[in-house]
Structure formats: structure tokens, C-alpha cells
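Every value quoted in this text rests on a predicted model; they were computed, and no experiment measured them. Worth knowing before you read on, the calculation uses all heavy atoms, side chains too, and leaves out hydrogens, waters and symmetry mates.
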Amino acid sequence: MDIKHIFILGAGTMGNGIAQVAATSGYTVTCMDVMSAALEKAKATIAKSTAKLLEKERITLYQKAATEGINFVSDFSTLGEADLVIEAATENPELKFRIFKELDEKASEGVILATNTSSISITKIAGSTRRPDKVIGMHFMNPVPLMTLVEVIRGLGTSDETTRTTMEICKVMGKEPVEANDSPGFISNRILCPMINEAIFALQEGIGTPEAIDQVMKLGMNHPMGPLTLCDLIGLDVVLNVMEILQRDLGDDKYRPAYLLKKMVDAGYLGRKTGRGFYKYD
């Protein structure tokens, strides 16, 4: 299938990052969000990001100009023009099931419906549609313009053709696709989020300060950033959602979320996006 027009649902951190990369890779891009404030923020974020990348000669002036052609919309009126849909909404199973049912009804026949979910079963999401062979996971990493990996996850009914096309699209975007089986958390978050959760347990139990915990992992294990800093970047609410899915779907209490993680999410301390998590941000 010849992919020219990509429709991205969700203008948040992941959605605007995917939109930026798709546009700089030569695709026609539509970015949709029901919140006008999210669309305005996405425009500003993409403009700032591409300006930095241009200054560092990571992209060309032509590629930066391409992002200025992204069509930001608040409804599905242009969905029928898309050759590929990438959903990047909040990591909530019921929300994603509803979205995919609607996408299936409104997207053209044969169009691939991809989800950027970090932990929810692709098979279950595909079950909300009449085209399970066309549903696939495209799990981009944050920040999308800088991170190379895209975890590609096929559901039980995903076709070989859909998988091949998706892998090719990732490569056109300058990404390295790695295929993972449809299991809770896939590969990335099955390993990453329990590590972050354990770091939160260490903080909760007073084993070390946030700075000490992060420094141990940076200096002793050569991680580019500590787990608590990374949790702030990802979003504490996202990490909590993943841990709850792992605990529920794998039935093992070793994945139980730390009480401190739950408490901070309840308080609205979600990390960088709210200005406060394990650290404070301007």
C-alpha cells in the first residue's frame, strides 16, 4: 500500500512528535485533537523543536518548512483522506477501544489503524474493529524526534502485509523498527516500568533521595538519566497505568505499583508536563 497521508489522533507529547517526524519524512500530515489548546501547544512545540534541529543541522530548511504544512484539526472530517492512522491518545484501555471503533467506521476501507499504546493489548484494540488484519502497534519512544526505536507489535489477526508496510514506514521516518509479541508491556515497558517502579519503592522506603537513586543508576549502570528523572519525562500517570496493566494482565503482584506513585498521581504531580514530579520544573 502506498502511504502518502498520515492522520495522527492526539496532539500531546507523543502525537505532536510523531506528526513532526512524519512531516519531515515527506508525508502529508493531519494532526487531530478535540482540545484546541492542545493543538496550539503542539504547533508551538513543533516549531521550537524543528528550530533547534535546524540549528544543529539535524534537519534541512525544507524539512522544517514541511512541518509548517501540518494540518491541525479538531474533528474527523478529513479522516477519509488518510492512508494511515496513528492513534496517540491517553493510555486508557476503554478510551482506546472507543476510538478504534470510531476510526474503523470513518476511515477508508483498507487503511491501517496503528496505535502508539505502550502496554495495551493490540489484539484487544483490534477486537473493537472489523479490520483486525489492519490493526498494529507502533510504539514510538519519547522524545519522538530524537529516539530511534519504534516497537512494532502485531495482534493475533494482524496481517503480514500490514506488518511489512508498517516496518517500511518506520524506516522512511528514519526509525529502527523492532518487532515484539503482543504481551502486556511488550518488550520495552515490561522491563523499563518495573525498574522505575522499584526505584520509587526505594524512595518510598527511604533508601535514598531522588538525587541519590538517579546518580547510582547514572554513574554505576551508565544510564543516560536516572529512573526518577525518566519517570518525570514519561509521566507518572503513564507509568502507573502501565504497572496496573502489567499487574492485572499478568496476575503477578511483583508488578504492583508503589503506593508513593499512586499518591503522587492523585496529587497531580505527573512530572515535566505539570511542572512537578520527583523534581520541580519551570
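Under the 4.5 Å side-chain heavy-atom criterion for Ile, Leu, Val, Met, Phe, Trp and Tyr, Tyr279 and Ile200 are members of the same hydrophobic cluster. Val152 and Met141 end up in different hydrophobic clusters when Ile, Leu, Val, Met, Phe, Trp and Tyr side chains are linked at under 4.5 Å. Leu246 and Ile120 are members of different hydrophobic clusters when ILVMFWY side chains are connected at heavy-atom separations under 4.5 Å. Met225 is connected to Met195 through a chain of hydrophobic side-chain contacts under 4.5 Å among Ile, Leu, Val, Met, Phe, Trp and Tyr, so both are in one cluster. By the rule that hydrophobic residues join a cluster once side-chain heavy atoms approach within less than 4.5 Å of another member, Val111 and Phe76 end up as members of one cluster.
Open room surrounds OH on Tyr259; 12 or fewer heavy atoms of other groups in view lie less than 6.0 Å from it. Heavy-atom contacts from other residues, nucleotides or ligands closer than 6.0 Å to CD of Glu205 number more than 12. Applying the 6.0 Å contact sphere to NZ of Lys43 captures more than 12 heavy atoms from other residues, nucleotides or ligands. Crowding of Arg58 atom CZ: a count of heavy atoms from other residues, nucleotides or ligands under 6.0 Å not exceeding 12. Counting heavy atoms of neighbouring residues, nucleotides and ligands inside a 6.0 Å radius, atom NZ of Lys41 does not exceed 12 of them. Within 6.0 Å of atom CG in Leu156, 12 or fewer heavy atoms from other residues, nucleotides or ligands are found, so the atom counts as exposed in its surroundings. Atom CG of Asp252 has more than 12 heavy atoms from other residues, nucleotides or ligands within 6.0 Å.
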Could you go through Lys106 and Glu102, starting from their C-alpha distance and side-chain angles, then the distance that decides it, and tell me whether this counts as salt bridge (Lys or Arg N to Asp or Glu O under 4.0 Å)? CA-CA 6 Å; Lys106 295 182 177 180; Glu102 188 169 7; 2.8 Å; yes
**Message:** Go through it in stages, so that I can follow the logic: the residues are Leu192 and Ile234, the test is side-chain contact (heavy atoms from CB on, under 4.5 Å), and I'd like the CA-CA distance, side-chain angles, deciding distance and then a yes or no.
**Reply:** CA-CA 11 Å; Leu192 176 64; Ile234 295 170; 4.0 Å; yes
Item to complete: Could you walk me through whether Val85 and Ile112 pass side-chain contact (heavy atoms from CB on, under 4.5 Å), step by step?
Response: CA-CA 6 Å; Val85 178; Ile112 294 173; over 6 Å; no
### Task
Give the C-alpha distance, both sets of side-chain angles, the deciding distance and a yes or no for side-chain contact (heavy atoms from CB on, under 4.5 Å) between Ile6 and Thr30.
CA-CA 6 Å; Ile6 298 178; Thr30 298; over 6 Å; no
message: If you apply the rule side chain to side chain donor-acceptor pair (under 3.5 Å), what do you find for Ser77 with Asp75, and how did you get there?
response: CA-CA 6 Å; Ser77 59; Asp75 56 41; 2.6 Å; yes
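Side chains of Thr117 and His139: a donor-acceptor N/O pair is absent below 3.5 angstrom, by distance only. There is no side-chain donor-acceptor pair under 3.5 Å between Thr148 and Glu176. Judged purely by distance below 3.5 Å, without hydrogens or angles, the side chains of Asp214 and Thr229 pair a donor atom with an acceptor atom. Tyr269 and Asp232 share no donor-acceptor pair across their side chains, judged by distance under 3.5 Å alone.
You'll find the side chain of Thr115 stays beyond 4.5 Å of the side chain of Met138, heavy atoms only. Using a 4.5 Å heavy-atom cutoff, the side chains of Glu151 and Glu179 are not in contact. Tyr27 places a side-chain heavy atom less than 4.5 Å from the side chain of Met173. Within the 4.5 Å cutoff, the side chain of Leu203 has heavy atoms near those of the Pro210 side chain. Looking only at side-chain heavy atoms (C-beta outward), Phe278 and Met264 come within less than 4.5 Å of each other.
Here Thr209 contributes atom OG1 and Gln215 contributes atom CD; the two are 9.0 Å apart, rounded to the nearest 0.5 Å. Taken to the nearest 0.5 Å, the CD1 atom of Ile245 stands 11.5 Å off from the CD atom of Gln247. Atom CG of Asp83 and atom NE2 of His5 lie 8.0 Å apart (nearest 0.5 Å).
With sequence neighbours left out, the side chain to side chain contact (heavy atoms under 4.5 Å, CB included) criterion links Asp133 to Arg131, Ser159.
Across all non-hydrogen atoms, the minimal contact from Lys175 to Met147 is NZ-O, 2.7 Å. In this structure, Leu95 and Ala89 approach most closely via the heavy-atom pair CD2-CB, 4.3 Å. When all heavy atoms of Arg154 and Asp160 are compared, the pair lying nearest together is NH2-OD1, 2.7 Å. Minimum interatomic distance between Asn197 and Ala258 (heavy atoms only, all atoms of both residues): OD1-N, 2.9 Å. Across all non-hydrogen atoms, the minimal contact from Phe100 to Ala114 is CZ-O, 3.6 Å. Between Cys231 and Ile196 the shortest heavy-atom distance is CB-CG2, 3.6 Å.
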Can I get a per-line list of side-chain donor-acceptor pairs under 3.5 Å for residues 15-22, giving both atom names and the distance, sequence neighbours left out?
from  : atom 1 : to    : atom 2 : distance (Å)
Asn16 : ND2    : Ala11 : O      : 3.4
Asn16 : ND2    : Gly12 : O      : 2.7
Gln20 : OE1    : Ser49 : OG     : 3.1
Gln20 : NE2    : Ser49 : OG     : 3.0

